[in-house]
Q: 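This is the structure I have questions about; it appears just below.
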Amino acid sequence: MVLKTPGELELMNEANRIVHETLDGIAARLRPGVTTRELDQFAERHIRARGGVPAFLNYKGYPATLCTSVNDVIVHGIPGDQPLREGDVLGVDCGVLYKGYYGDAARTFPVGAVGPEAERLIAVTRQALDIAVETVQPNRRLSDIGHAVQSYVEAQGFSVVRDFVGHGIGTSLHEDPQVPNFGDPGRGPRLRPGLVLAIEPMVNAGGPGVAVDADGWTARTKDGSLSAHFEVSVAVTQDGARVLGR
Ligand code: MF3
Ligand code: CO
């Protein structure tokens with residue numbers, strides 16, 4: 001578990017600022033008829049114009065800047081030429097490498113007007129991330145984060161994905177420790193100032209099961225239900241969590 005210095009945290013804040021600018025730009029461009037490839041091209045242009053490098057592009061052979069996950073796709077959807085339609089639920093995950101440090105964040109957007117279940121799923125998943133961030137306090141235990149997420153999400157009648165987890169982040173996209181969105185409280189290492197975590201709840205409207213497409217990336221709900229995903233990178237501070245890049 002690597003702890004970052006204040007100088008490193010400022011670079012990670014910059015990397016994450018580029019990520020959030022990119023997500024803001026996607027929100028501004030999102031409407032029925034836009035393709036996820038067009039959003040991906042915007043993202044790559046913006047990241048490079050800001051002096052960053054797309055972190056997911058070529059990561060273990062991943063072919064794009066963004067992950068764009070539509071409806072029953074949980075994470076790792078690959079951008080393509082299918083136009084988005086009114087009522088779709090679009091998860092957008094973006095990673096940036098900037099001056100040697102990674103930023104990683106994701107949001108889920110409604111495309112135009114969406115149905116009531118989609119609306120509630122997006123709101124619950126966003127709230128699950130907020131609860132996770134509020135749980136981050138020095139001296140609390142790592143598994144308190146996942147326990148808080150799971151308790152809230154299941155009380156809302158949805159399920160948390162077990163097959164993918166959050167992670168430490170820094171000079172690598174994925175560092176120790178893993179950050180599950182489920183489990184018992186009071187386990188794992190104590191949170192310490194300088195630790196940086198990418199916290200990323202993935203919530204399914206139906207069951208927690210996952211099936212990966214033949215492309216080796218696209219991860220869908222096994223039961224075809226809708227899924228949503230929000231992520232921020234946070235630094236543990238003396239008095240809680242600092243959300244980087246915002
Ligand atoms: N936020 C995701 C993660 O932490 C995105 C990775 S996509 C990949 O793993 F293409 F880079 F794998
Ligand atoms: Co991540």
Side-chain angles (χ1 to χ4, degrees), residues 1-2 4 12-13 15-23 26 36-37 39-41 43-44 47-48 52-70 73-80 90-98 101-109 125-126 128-130 132-133 136 142 145-146 149 160-182 195-204 210 212-220 227-236 241-246:
M1 246 173 40
V2 188
K4 278 76 180 178
M12 295 195 71
N13 195 56
N16 281 286
R17 192 191 310 280
I18 299 168
V19 171
H20 283 286
E21 287 170 4
T22 304
L23 293 170
I26 284 160
T36 48
R37 189 184 307 282
L39 298 176
D40 194 72
Q41 286 166 346
E44 180 168 4
I47 291 165
R48 293 195 193 281
V53 174
F56 301 164
L57 186 63
N58 302 319
Y59 177 85
K60 297 185 179 171
Y62 187 76
T65 291
L66 300 176
C67 300
T68 53
S69 301
V70 180
V73 179
I74 303 165
V75 287
H76 302 167
I78 299 170
L90 174 67
V92 181
D93 195 342
C94 181
V96 167
L97 174 62
Y98 181 73
Y101 290 85
Y102 284 89
D104 188 5
R107 300 180 200 165
T108 297
F109 303 103
T125 310
R126 185 193 295 114
L129 177 57
D130 288 349
V133 171
V136 172
L142 181 70
I145 299 170
V149 169
V160 295
V161 171
R162 274 71 160 168
D163 298 49
F164 302 100
V165 296
H167 49 95
I169 182 168
T171 55
S172 302
L173 178 59
H174 298 126
E175 297 183 353
D176 284 346
Q178 294 195 359
V179 185
N181 296 295
F182 56 91
L195 179 64
V196 183
L197 300 174
I199 304 177
E200 48 179 322
M202 289 146 269
V203 176
N204 295 350
V210 176
V212 178
D213 284 4
D215 62 21
W217 286 105
T218 310
R220 298 177 188 273
S227 189
H229 176 215
F230 282 83
E231 176 177 25
V232 286
S233 300
V234 306
V236 182
R242 173 186 181 193
V243 177
L244 297 176
R246 308 228 62 185

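We count ligands from 1, going down the list as the structure has it; atoms in each ligand are counted the same way. These numbers were taken from a predicted model, which means no experiment stands behind them. Counting begins at 1 with the first residue of the sequence.
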Q: Just to confirm my output: which protein heavy-atom neighbour is closest to atom 7 (S) of ligand 1, and how far is it?
A: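 Ranked first by proximity to atom 7 (S) of ligand 1 is Cys67 SG, 3.5 Å.
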Q: Can you find a heavy atom in the side chain of Trp217 that is under 4.5 Å from one in the side chain of Cys67?
A: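 No - every pair of side-chain heavy atoms lies 4.5 Å or more apart.
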Q: Between Glu231 and the Co ion (ligand 2), is there a contact where an N/O/S atom of the residue lies under 2.8 Å from the metal?
A: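 Given the 2.8 Å cut-off, Glu231 counts as a ligand of the Co ion (ligand 2).
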Q: Answer yes or no: is there a side-chain heavy-atom contact under 4.5 Å between Val161 and Asn204?
A: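 The answer is yes; the side chains approach within 4.5 Å.
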Q: Report, rounded to 10°, the angle at the Co ion (ligand 2) between the two atoms OE2 (Glu200) and OD2 (Asp104).
A: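 Taking the Co ion (ligand 2) as the apex, the two atoms subtend 170°.
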Q: Quick one, Asp104 and Asp93 - any side-chain contact, counting heavy atoms below 4.5 Å?
A: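 A side-chain contact under 4.5 Å exists here.
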Q: What are the atoms of ligand 1, with element, lying closer than 4.0 Å to any heavy atom of Glu231?
A: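 Here the atoms of ligand 1 in question are 1 (N).
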Q: Answer yes or no as to whether an N/O/S atom of His167 is found below 2.8 Å from the Co ion (ligand 2).
A: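 Coordinating: yes.
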Q: Measuring from non-hydrogen atoms of Trp217 to any atom of ligand 1, is the shortest distance under 4.0 Å?
A: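 Contact present.
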Q: So is there a nitrogen or oxygen of His76 less than 3.5 Å from a nitrogen or oxygen in ligand 1?
A: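 By distance alone, the answer is no.
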Q: Which protein heavy atom lies closest to atom 8 (C) of ligand 1, and at what distance to 0.1 Å?
A: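 Here the nearest protein heavy atom works out to Tyr59 CD2, 3.8 Å.
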Q: May I ask you to identify the nearest protein heavy atom to atom 3 (C) of ligand 1, giving residue, atom name and distance to one decimal place in Å?
A: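 Scanning the protein heavy atoms, the shortest distance from atom 3 (C) of ligand 1 goes to His174 NE2, 3.2 Å.
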Q: So, do His76 and Phe164 sit near enough that their side-chain heavy atoms are less than 4.5 Å apart?
A: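 Contact flag for His76/Phe164 side chains = yes.
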Q: Which of the listed options, Asp93, Ile78, Val165, Val179, holds the heavy atom that is closest to atom 5 (C) of ligand 1?
A: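 That would be Asp93.
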Q: Looking only at distance, does Asp104 have an N or O less than 3.5 Å from an N or O of ligand 1?
A: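 By distance alone, the answer is yes.
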Q: Output yes when the distance from some N or O of ligand 1 to some N or O of His167 is under 3.5 Å, and no in every other case.
A: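 Between His167 and ligand 1, an N or O pair is found under 3.5 Å apart.
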Q: Set out, in order, the CA-CA distance, both residues' side-chain angles and the distance that settles side-chain contact (heavy atoms from CB on, under 4.5 Å) for Met12 and Arg242, then state yes or no.
A: CA-CA 11 Å; Met12 295 195 71; Arg242 173 186 181 193; over 6 Å; no
Q: Once salt bridge (Lys or Arg N to Asp or Glu O under 4.0 Å) is applied, do any residues pair with Arg220, and if so which ones, sequence neighbours excluded?
A: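 Once residues adjacent in sequence are excluded, the partners of Arg220 under the salt bridge (Lys or Arg N to Asp or Glu O under 4.0 Å) criterion are Asp72, Asp213.
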Q: Any idea which heavy atoms bring Thr125 and Ala228 closest together, and the distance?
A: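 Between these two residues, the closest heavy atoms are OG1-CB, 3.4 Å.
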Q: Quick one, Val203 and Phe230 - any side-chain contact, counting heavy atoms below 4.5 Å?
A: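 With C-beta onward as the side chain, the pair stays apart.
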Q: Any non-hydrogen side-chain atom of Pro177 less than 4.5 Å from a side-chain atom of Leu197?
A: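 Yes. Closest side-chain heavy atoms under 4.5 Å.
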Q: If you measure every N/O of Tyr62 against every N/O of ligand 1, is any gap under 3.5 Å?
A: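 No, there is no polar N/O contact under 3.5 Å.
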